[in-house]
Amino acid sequence: MIAKTLAGMLLFAGLCQAAQAREYRYSDAHLHYVDFFQESEGMPALLKAMDEAGVEHSMISGIPVAKKWHEDEPKRPRYYAGDDADAYWYSATDTYVAAALQKLPAEQRKRFHPFLSGFNPVDKNAVSHIERMLDLHPGLWQGIGEVFTRHDDLTALTSGDTPRANNEAMTRIYHLAAERDMPVLVHSNITSKRERNPLYLAEIEEPLRNHPHTRFIWAHAGSSVEIHRHQTHMDFLLPVLTRLLEDYPNLYVDLSWSVLAPYLLDEQGVPRKAWVDLVAKYPERFMLGSDVVGRFGSLGEQMHGFEPFLDALPEAVANKVARDNFLAVLPRQR
Ligand SMILES: [Zn+2]
């Protein structure tokens, strides 16, 4: 009898624990429908991956550059960093995104939040191109980006001038974004591959300061896998980010992959307390992204990789980070 009661109690405790296990629903704040060759696995594959991963909403953008297959290269490259050929600004990318969405039934379409990315961020005329695209697809675009500025070797491989987040062309785009109530997702590495200091910080900080009415989503919090390869952990990232969040309420942070490891999680996969505390202190300012490019098989793996970190946050904060914060940064009228 006692044994039976004990077994019952254990079963009850087990059920409670199972009930406590959190089931997150996600928004993916950083997704590319195409790759660096402007190719995509297609919408059915993307929807399947989203459904399987519990991703309810997704930002969707193209890739603003196309990698050239140069006649000097013996094989067709498989990635932008695969050989010495350059990449060039490629506006048709937005057409592919728009066409893919327009084919969807309304129910599926409303899960996607398209961002416009196919413009040259060093051309002061880019803002006019963006305005034409907004007019061409009324009500479609909900944000701008991912804008590629400082981006490891891609910066050097891209034809034309080095794009900076604080150049004059981008200034005009930030004004338009504020006017249209659109967030801007900017990839702007905090430093180069080898400098162990925030070499390029001013390039992202200046627009944050000068455009208080523009909502900025900082891709990967300025980190990258390539920087990590050369200098492992950037000790200055957390203090810098802490200061920026304090100083600029218009700053939002995309935590996608190069932030997850090694920053959110340590080498053992354990959440780092300092990062948990920072996210909990600014519960509305962080969001998750897969940063998949054109192929969607790893979407679930990318998003579920955040689970140990989310589990370390208070549940209400975790749900905001997993799903709600991205939706809150979109235009109010949409
Ligand atoms: Zn990206």
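Positions are given from 1 along the sequence. Reckoned from all heavy atoms, side chains included, excluding hydrogens, waters and symmetry mates. Computed from a predicted model, the values in this text were never measured in an experiment. Read the numbers this way: they start at 1 and go in the same order the structure lists the ligands and their atoms.
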Task: Evaluation steps, side-chain contact (heavy atoms from CB on, under 4.5 Å), between Val321 and Leu288 - done: CA-CA 7 Å; Val321 173; Leu288 309 180; 3.7 Å; yes

TODO: Nearest 0.5 Å please: distance from the CG atom of Leu46 over to the OG atom of Ser40.
DONE: 7.5 Å

TODO: Determine how many protein N/O/S atoms sit closer than 2.8 Å to the Zn ion (ligand 1), leaving waters out since they are not shown.
DONE: 4

Open item on the list: In terms of relative ring orientation, are Tyr26 and His304 parallel, tilted or perpendicular, with 30° and 60° separating the classes?
Closed with: tilted

Open item on the list: Is it the case that the side chain of Arg22 and the backbone of Asn319 share a donor-acceptor pair, with hydrogens and angles ignored and the cut-off at 3.5 Å?
Closed with: no

Anything under 3.5 Å between a donor and an acceptor, one on a side chain of residues 250-267, the other on a protein residue two or more places apart or in another chain? List them.
unit_1, atom_1, unit_2, atom_2, d
Asn250, ND2, Leu208, O, 3.1
Asn250, ND2, His211, O, 2.9
Asn250, ND2, Thr214, O, 3.3
Asp254, OD1, Ser256, N, 2.8
Asp254, OD1, Ser256, OG, 2.9
Asp254, OD2, His30, ND1, 2.7
Asp254, OD2, His220, N, 3.3
Asp254, OD2, Ser256, OG, 3.0
Ser256, OG, His220, ND1, 2.9
Trp257, NE1, Asp291, OD2, 3.0
Ser258, OG, Ser223, OG, 3.0
Tyr263, OH, Met234, N, 2.8
Asp266, OD1, Gln268, N, 2.8
Asp266, OD1, Gly269, N, 3.1
Asp266, OD1, Val270, N, 2.9

Task: Presence of salt bridge, Lys193 and Asp152, under 4.0 angstrom - done: no

